[in-house]
2 protein chains.
Amino acid sequence: MKTINLTTQRQAVYDVVRQSEDHPTAAEVMNRLVERGHSFAYGTVYNSLRYLADKELIRELKLGETASRYDARTDDHQHIVCEVCGRVDEVMTPVPEEWMTRVAEETEYEVHEAHVVLEGVCAECRSKRKR
Amino acid sequence: MKTINLTTQRQAVYDVVRQSEDHPTAAEVMNRLVERGHSFAYGTVYNSLRYLADKELIRELKLGETASRYDARTDDHQHIVCEVCGRVDEVMTPVPEEWMTRVAEETEYEVHEAHVVLEGVCAECRSKRKR
DNA sequence: AATAGATTTATACTTATTCTAAATTGAAAT
DNA sequence: ATTTCAATTTAGAATAAGTATAAATCTATT
């Protein structure tokens, strides 16, 4: 019984997120909407992002920056941020189940999810650095 | 050559963080300072927290909430947040090196750090729920 | 006591996001 | 076709966390 009501605004926001190669912030989504000729209220973009994340069509990422980012990939995965250029890439290698089990034992929590943000230097910045 | 200049304010902020069982936000640190009879400017508390984190006397935690939290434990560890009551606990079981290596291979990043925030239900909330 | 550098203070500002009340839209019922 | 009602959008105000700024205060050294 999961009805999804994609209004014009929500569809347009969804399209922007899906068609972005990076992981745009709300402000970036807004800019890209304007580039496409839309002019929605700021609040609507936030509402739409929240709605889409709620329906699990997109994911909200909190990577430790001030602004949330959005990702159209909703399958289980993590993220890595380049310390030099700030780019964000997907990490598909799954967090080991065994580690989660150990953490459950250690903490006595029922563990549901792990959000991992890795930090490092991307291939591009690494080769630039070498000279 | 790492000189550390602990002014009255910085020392007091450091004391609050060290003597907190939980992981207080800046606002909570401020409240606890007031309870102890201090009345520092808001900016000073933020500056002190930044200074102490800089000198690695404390750590700033970004757990996906709106406000940062602060932790007097500076050794390598992760955190787990209870979805029910919001409490934050330490996770000392280290993230498997092997997983980090695999991620480095997958992403072609030079991986420096992993910040993990786990979510689940703490022992206390679990037992309350059962009854 | 005089100077300089660092720090603190009070306050203004910024950024990201949420809230609010009125206006608009759209589907269902008449 | 018109009314109706709920959901949505809009514009703008409000909030929350944190940073910036300029003046005042401390502190160590000459």
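As the structure is a computational prediction, the values presented were derived from the model and not from experiment. Residue numbers begin at 1 in each chain, while the letters A, B, ... track the order of the sequences.
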Compute the angle between the rotation axes at the two ends of the helix from dA1(C)-dT30(D) to dT30(C)-dA1(D), each taken over five pairs, rounded to 10 degrees. 10°
Give me the residues of residues 15-43 of chain A where at least one heavy atom lies under 4.0 Å from an atom of DNA chain D, by number, or none. F40(A), A41(A)
Counting only heavy atoms not in E124(A) (residues, nucleotides, ligands), do more than 12 fall under 6.0 Å from its CD? no
Counting only heavy atoms not in E83(A), do more than 12 sit closer than 6.0 Å to its CD atom? yes
Quick one: ring-ring contact (aromatic ring centres under 6.0 Å, His included) partners of H112(A), sequence neighbours excluded? none
Taking transitive links into account, so neighbours of neighbours count too, which hydrophobic residues share a cluster with V84(A) at under 4.5 Å side-chain distance? V121(A)
With sequence neighbours excluded, what pairs up with Y46(A) under the ring-ring contact (aromatic ring centres under 6.0 Å, His included) test? Y42(A)
Can you list the steps and then say if N5(B) with Y51(B) is a side-chain contact (heavy atoms from CB on, under 4.5 Å)? CA-CA 9 Å; N5(B) 177 9; Y51(B) 180 89; 3.7 Å; yes
Donor-acceptor pair, side chain of R10(B) and main chain of T44(B), under 3.5 angstrom: no
Would the number of heavy atoms belonging to other residues, nucleotides or ligands and lying under 6.0 Å from CD of E65(A) be above 12? yes
Show your reasoning for whether side-chain contact (heavy atoms from CB on, under 4.5 Å) applies to L52(B) and V17(B). CA-CA 10 Å; L52(B) 294 167; V17(B) 175; 5.7 Å; no
Give one of base, sugar-phosphate or nothing for T66(A), where a contact means two heavy atoms less than 4.0 Å apart. sugar-phosphate
Indicate every side-chain donor-acceptor pair of residues 34-41 of chain A with a distance under 3.5 Å to a residue at least two apart or in another chain.
unit_1	atom_1	unit_2	atom_2	d
R36(A)	NH1	Q19(A)	OE1	3.0
R36(A)	NH2	Q19(A)	OE1	2.8

For H23(B), ring-ring contact (aromatic ring centres under 6.0 Å, His included) partners two or more places apart: H79(B)
Where does the chain B footprint on DNA chain D start and end, counting 5' to 3' with a 4.0 Å heavy-atom cut-off? dA17(D) to dT19(D)
Which nucleotide of DNA chain C is the first, and which the last, in the 5' to 3' direction, to come under 4.0 Å of a heavy atom belonging to chain A? dA16(C) to dT18(C)
For the atom pair OG1 (T93(B)) and CD (E106(A)), what is the distance rounded to the nearest 0.5 Å? 3.5 Å
E56(B) and T74(B) have their tightest heavy-atom pair at O-CG2, 3.4 Å
Connected-component partners of V116(B) among ILVMFWY, side-chain separation under 4.5 Å: I80(A), V91(A), V95(A), W99(A), M100(A), V103(A), Y109(A), V111(A), V116(A), L118(A), I80(B), V91(B), V95(B), W99(B), M100(B), V103(B), Y109(B), V111(B), L118(B)
Contact check, residues 6-14 of chain B vs DNA chain C, heavy-atom distance under 4.0 Å, returns T7(B), Q9(B), R10(B)
Can you name the side chain to side chain contact (heavy atoms under 4.5 Å, CB included) partners of R18(A), sequence neighbours left out? Q11(A), Y14(A), D15(A), A72(A)
